[in-house]
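Given the structure is predicted, the values throughout are model-derived calculations rather than measurements.
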Amino acid sequence: MRHTWTIVGLLAGLCLIGANTTRLIPAATEAGRFGWMLYLIASPIALAGLVWIGWPWTAMGCVIYGTVGLALDLATVTSILGGQGETGALFLFSVMSGIVNSLLILFGGRAFLHSFQVTALPGSRPPSPPSPSSSARS
């Protein structure tokens with residue numbers, strides 16, 4: 001798959017951002033915090049492993065993950081700028097995550113589209129027809 005290293009690097013970046021973000025997100029319960037940790041840390045690790053294996057459909061999974069992440073980042077930034085939250089580290093991490101998610105959408109989409117282009121080796125030539133003077137003709 002094309003862009004494997006780029007996609008894995010972007011997913012690793014999202015893991016690092018997610019690890020720092022989970023400390024900043026106010027969760028009502030421990031189950032809520034655990035759910036965010038699964039989404040922000042475990043999901044990119046699982047996707048990176050599947051991309052590393054080379055399954056082409058995981059590139060589309062990265063696009064979907066990046067799209068949902070970008071939507072969450074935009075919602076977070078909008079609520080912070082709307083005055084419903086304090087600006088600071090969460091705003092910075094949301095902006096960084098939004099940029100990385102946008103790049104993940106871009107490179108994941110390109111990798112998915114390139115996975116449909118067959119780069120097969122050229123086939124062998126068909127056998128030559130028998131010569132007119134050969135004994136194989138009846």
Indicate yes or no for a side-chain donor-acceptor contact from Thr58 to the backbone of Trp55 under 3.5 Å, with no hydrogens or angles considered. yes
Take Leu104 and Leu14 through the side chain to side chain contact (heavy atoms under 4.5 Å, CB included) test and state the conclusion after the steps. CA-CA 10 Å; Leu104 184 65; Leu14 285 174; 3.8 Å; yes
To the nearest 0.5 angstrom, please state how far the CG atom of Leu106 sits from the CZ atom of Arg110. 6.5 Å
Closest approach of Asn101 and Gly69, non-hydrogen atoms and distance? ND2-C, 3.4 Å
Contact check, side chains of Pro56 and Phe112, non-hydrogen atoms, under 4.5 Å: no
Hydrophobic cluster partners of Leu113 (side-chain heavy atoms under 4.5 Å): none
Indicate if Phe34 and Tyr39 have the same hydrophobic cluster label, given that clusters are the connected sets of ILVMFWY residues with side-chain heavy-atom separations under 4.5 angstrom. no
Assess whether side chain to side chain contact (heavy atoms under 4.5 Å, CB included) is satisfied between Leu50 and Ile53, documenting all intermediate values. CA-CA 5 Å; Leu50 293 174; Ile53 290 172; 4.3 Å; yes
Could you tell me the separation between the SG atom of Cys15 and the CG atom of Leu47, rounded to the nearest 0.5 Å? 9.5 Å
Out of the candidates Thr76, Leu16, Ile17, only one should pair with Phe93 under the side chain to side chain contact (heavy atoms under 4.5 Å, CB included) rule; please name it. Ile17
Can you name the closest pair of heavy atoms from Leu10 and Phe107 and give their distance? CD1-CD1, 4.0 Å
Please check if atom CE in Met37 has more than 12 non-hydrogen atoms from other residues, nucleotides or ligands closer than 6.0 Å. no
Aromatic plane relationship, Trp52 with Trp5 - under 30° parallel, 30 to 60° tilted, over 60° perpendicular: perpendicular
Establish whether Ile64 and Ile105 are linked, either directly or via other cluster members, by ILVMFWY side-chain heavy-atom contacts under 4.5 Å. yes
Exercise: identify the closest heavy-atom pair between Ile7 and Cys62: CG2-SG, 3.8 Å
Any link between Leu11 and Leu38 through a network of hydrophobic side chains (Ile, Leu, Val, Met, Phe, Trp, Tyr) touching at under 4.5 Å? no
Any idea which heavy atoms bring Val77 and Phe91 closest together, and the distance? CG1-CE1, 3.7 Å
Between Ala59 and Gly108, the two heavy atoms sitting closest are CB-O, 3.5 Å
So Thr21 and Trp36, do their side chains get closer than 4.5 Å, heavy atoms only? no
Using the test side-chain contact (heavy atoms from CB on, under 4.5 Å), find all partners of Ser102 that sit at least two apart in sequence or belong to another chain. Leu70
Does Val51 share a hydrophobic cluster with Val68, counting links as ILVMFWY side-chain heavy atoms below 4.5 Å and allowing steps through other members? yes
With no hydrogens and no angle check, do the side chains of Ser97 and Asp73 hold a donor and an acceptor under 3.5 Å apart? yes
